[in-house]
Amino acid sequence: MARYNPQQIEPRWQQYWADNKTFKTPASIDDKKLYALDMFPYPSGEGLHVGHPEGYTATDIVARQARMTGTAVLHPMGFDAFGLPAEEYAIKTNTHPRISTNKNIENFVAQLQELGFSYDWDRQISTTDENYVRWTQWIFLQLFDTWYDPDQNKGRPISALPIPDEVTAAGPVAVAEYQDEFRLAYQTNALVNWCPNLGTVLANEEVKDGLSERGNHPVERRPLKQWMMRITAYADRLESDLDDLDWSDGVKKLQKDWIGRSTGAEVDFFIGAADQLEGWKQTRSQSGFPRKPGADVLRVYTTRPDTLFGATYMVIAPEHELVQTLTAPQQSDAVEAYRETAARKSDRDRQDDRVKKTGVFTGSYAINPVNGASIPIWIADYVLAGYGTGAIMAVPAHDARDFQFAQTYDLEVIQVVQPPQGDTKGAQCFTGHGTAINSGPFDGTPTAEFKTKIAQQLTQSGTGKTAVNYKLRDWLFSRQRFWGEPFPILHQLDDEGNKTGVVIGVAETDLPVKLPELKDFKPHGRPEPPLEKADDDWLYPVVDGKRYKRETNTMPQWAGSCWYFLRFIDPSNEEVFVDPELEKQWMPVDLYIGGAEHAVLHLLYARFWHKVLFDRGHLCTPEPFQKLVNQGMILGENEFTGFQTPSGNWVSTDFVSQDEDKSYIHATEKTPVTQVSIDPADAEKSGDHFVLTVDPNIKIANKAFKMSKARGNVVNPSEVVQQYGADSLRLYEMFLGPLEQSKPWNTSGVSGVRNFLDRVWRLIVETDNGGDKNEAQEENIIHASVTDNAANEEQLRVLHQTIKSVTTDIEKLSFNTAIARMMEFANFFTKQTTRPKSCLEPFLLLLSPFAPHIAEELWSVLGHEKTLAYEAWPEFDESLIIESTVEVPVQIMGKIKSRLNVPRGTSKDELENLALADEKIARLLDGKKIIKTVIVPDRLVNFVAK
RNA sequence: GGGGGUGUGGCGGAACUGGCAGACGCGCUAGAUUUAGGAUCUAGUGCCCUUACGGGCGUGCAGGUUCAAUUCCUGUCACCCCCA
């Protein structure tokens with residue numbers, strides 16, 4: 001009696017696949033190709049989470065099935081291994097992050113291999129491999145060497161940048177500086193969130209109310225020389241190329257919103273002396289709108305130039321370059337104080353709608369070019385220096401933030417857009433489209449038309465022009481960390497050891513620039529990166545007799561993940577980052593599956609790099625990921641939770657609310673209550689909610705929480721493999737529900753799919769004779785009912801129906817229903833006393849992408865010697881599926897009253913006669929008048945009667 | 001506040017272009033079998049009324065369109081995710 005024993009057969013097949021290199025990527029593509037890619041993981045010390053195998057199993061099913069249809073498959077796995085946790089662990093233990101990183105990778109590989117994924121492990125890469133870093137640095141140099149030519153709409157070599165004569169005349173240093181202004185990778189003084197206590201720069205998301213989220217240390221906004229990526233140059237293409245991708249509308253929209261393309265107008269407001277206004281107007285009407293504003297105007301960007309007549313004040317960002325000029329002497333103290341407060345806030349906090357908007361009056365006024373009105377100029381931090389021109393015209397009647405600000409400081413509100421009739425939503429502040437009022441000659445013009453007209457007038461008068469603006473900012477690319485890629489950049493030094501300003505890339509032949517050996521990684525409280533502590537040998541190289549200092553910032557974690565999918569194609573090439581011929585064969589990625597948390601940044605950055613490499617002729621695909629799917633989150637098991645007062649009395653969920661810091665309180669008494677987990681046996685359903693069995697007045701909650709260590713509901717995939725087997729885990733995660741939906745874990749569901757596999761095993765293997773032998777000695781004997789005889793009609797129908805459903809469900813990535821169909825197959829054949837091999841064998845092939853180990857084992861039990869990984873995928877015969885008779889429901893007034901068993905294709909007339917002849921129908925229709933009869937052949941008959 | 005998504009039995013979820021709501025699995029109930037079972041097999045299982053026959057109600061809620069609505073339209077509520 002040999003039972004199904006995954007612990008025994010799974011390692012054996014994993015070994016077989018490894019020994020035979022079963023999943024080696026084919027060297028050439030004869031026919032179709034599939035590049036199935038998972039978002040590669042960060043190898044954390046925690047090991048694999050159940051969320052990982054969800055997406056990985058999905059791509060594995062697609063990859064395995066594709067191989068069986070004669071498709072050449074590239075299905076690789078690697079590791080995104082730079083990052084903060086490894087560095088923090090290194091600081092804590094004073095060991096090199098490479099050591100812990102490699103250990104974690106080893107652990108991840110072992111965990112992934114025990115799940116039986118069909119990766120080509122010969123292609124495993126890590127972003128931290130020196131041979132990988134080499135090419136990340138090489139790509140950086142490409143970006144450094146590229147400028148964006150707006151005429152050709154593509155990135156081109158910096159050597160092709162036209163240099164104005166006066167720059168050439170000023171000498172080579174001037175030329176170099178000019179070029180630097182155009183490079184896609186460039187340096188600038190950026191305002192960063194510097195936290196002295198943590199010794200690092202923080203992302204905007206890591207700062208709350210001027211304090212670091214971790215540790216609550218003060219954070220300063222401080223200008224530091226940083227590397228940036230000119231991603232804004234590609235904003236248009238990054239947006240428009242989304243159209244041809246097979247991505248969900250949701251993710252496309254996220255990307256579009258992040259890019260945030262808006263069209264509006266730039267308008268100049270005169271701020272010079274009043275007696276010069278007329279002269280200025282005249283000059284402008286002749287010269288037109290200048291590219292850069294002069295000192296006598298304040299330039300704003302607005303998406304609503306149609307509301308110009310409603311501008312009642314102006315706002316400039318606290319960092320705006322005209323702040324000094326515009327501040328009147330009597331206001332200077334107030335302005336200075338305000339600027340200091342604003343400097344401590346992050347952009348995020350400044351835009352927070354819940355916080356009252358603040359500002360300060362500069363004491364100056366500007367002239368509205370459309371009506372000559374003189375309006376006050378304010379400074380407020382709700383305007384960001386980085387967006388548009390860093391200054392706005394405020395139209396409180398039609399912009400929510402302006403309105404809020406105007407209310408606070410009692411500023412004038414002039415309504416200039418009449419909402420459409422019946423629209424009462426914006427009674428005080430209407431932000432939608434309507435018709436113009438209080439707008440001089442434009443009164444009565446609809447908003448959209450007004451926008452075009454005003455643009456024309458602004459252009460004519462030289463006071464404005466239409467303009468496109470993006471929310472997307474250039475990408476802050478440097479980090480003050482140790483565990484990242486060093487920049488392949490050298491700063492030239494003069495004889496005194498000061499930087500001359502000349503910056504060169506490291507020669508390609510000198511790549512990679514390796515990380516230096518450091519004695520400690522501890523932060524030192526100054527914003528210099530840890531690499532500043534490297535030995536002079538590393539820090540001060542000499543090139544062509546000149547002394548240089550290395551760039552000591554490192555690249556962000558995004559860098560490695562921006563191009564790893566290209567390296568998988570050609571992972572060990574020493575000559576180029578990817579062979580162009582191979583790239584042409586395999587790109588784009590045909591299926592990319594991963595978490596939704598990467599829907600914006602990772603995908604945007606990777607697409608940007610890809611386009612630059614495309615423009616520079618290194619790639620032949622403009623977009624990297626043709627089809628993208630975001631898997632849903634797997635939550636913890638459903639839990640019943642109730643609330644208790646400190647004295648232990650139950651509180652119904654009706655009386656529980658949350659206070660500001662999210663702790664639970666009694667809604668009326670405002671006293672704290674604690675959340676208590678409740679045994680499902682103590683809960684019962686009452687109406688549309690759950691209550692305590694002991695006291696039905698106490699409502700309790702039933703929901704699934706995110707898996708977290710704190711809650712103690714984390715499921716470890718390795719434990720599931722130990723207990724149920726890898727095939728069961730794979731099958732369970734796919735059976736749980738639709739891939740893209742988040743869904744709760746339920747351990748008893750795993751035993752459900754395990755039961756199914758047990759059943760499949762017993763279909764083929766005799767399990768009830770074997771005597772006293774211990775399990776290891778037992779042979780798998782084919783079940784007595786397995787036969788070489790031909791299948792009967794019903795068996796064939798079940799088989800072909802299963803083939804059809806499973807095949808189309810895999811195409812739709814609807815794995816849960818595919819598994820349900822296979823369960824039906826197993827249930828049916830369990831009841832069959834003869835089980836033709838001609839049905840069982842195709843079934844095993846269908847099962848194999850989902851549960852590869854058991855499928856291989858049973859395939860060999862049936863006498864096959866080779867792996868089934870390249871057996872032909874079964875095909876179905878539609879004519880064998882169709883049943884000859886169908887059951888047609890008969891309804892009266894849309895309610896089913898009877899059923900007819902008729903041959904498929906029975907005509908309408910005949911159906912009607914048969915239905916009318918039906919005893920029950922006849923009785924119910926007796927004495928009634930049939931008003932209408934609806935008949936859909938093979939589907940239903942419906943009588944409308946009175 | 002803005003955007004996206006989801007609401008179907010005790011639970012996870014099926015249901016193609018509007019056409020038999022609840023496939024499949026879990027759980028539960030009963031029976032068979034076994035030395036035993038967290039094993040296997042068989043049957044049942046949306047809710048309510050009824051001994052039964054049978055009937056009524058049911059896809060978050062309220063309306064609408066239709067012979068027919070989980071599916072289409074209008075409004076509304078709840079939860080989840082992302083952004084601010």
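Within 4.0 Å (heavy atoms only), F756(A) reaches no atom of the nucleic acid at all.
In this structure R821(A) satisfies the side-chain hydrogen bond (donor to acceptor under 3.5 Å, both in side chains) test together with E824(A), sequence neighbours excluded. Scanning for ring pair (Phe, Tyr, Trp, His ring centres under 6.0 Å) contacts around F828(A) gives an empty result, with sequence neighbours left out.
Remark: K932(A) is in phosphate contact with rC67(B), judged by side-chain N or O atoms under 4.0 Å from OP1 or OP2.
When the P atom is used for both rC49(B) and rA43(B), the distance is 28 Å, rounded to whole Å. Nucleotides rG75(B) and rG58(B) have their P atoms positioned 24 Å apart, rounded to a whole Å. Remark: the separation of the P atoms in rA69(B) and rG18(B) is 13 Å, to the nearest Å. One C1' atom belongs to rG25(B), the other to rG19(B), and the distance between them is 27 Å to the nearest Å. Atom name C1', nucleotides rC20(B) and rC28(B): the rounded distance is 26 Å, in whole Å.
For residues 734-744 of chain A, the pairs satisfying salt bridge (charged side-chain N to carboxylate O under 4.0 Å, His left out) are E54(A)-K743(A), with sequence neighbours left out. Pairs engaging residues 904-914 of chain A under the side-chain hydrogen bond (donor to acceptor under 3.5 Å, both in side chains) rule: none recorded [sequence neighbours left out].
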Worksheet item: Nucleotide by nucleotide, 5' to 3', does protein get under 4.0 Å of the base (B), only the sugar-phosphate (S), or neither (-) in nucleotides 13-22 of chain B, counting heavy atoms?
Response: SS----BBS-
Practice prompt. For each nucleotide in nucleotides 34-50 of chain B, reading 5' to 3', give B when a protein heavy atom comes within less than 4.0 Å of its base, S when such contact involves only the sugar-phosphate, and - otherwise.
Written response: ---BB-SSS--------
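Aromatic ring centroids of F815(A) and F735(A) lie 6.0 Å or more apart.
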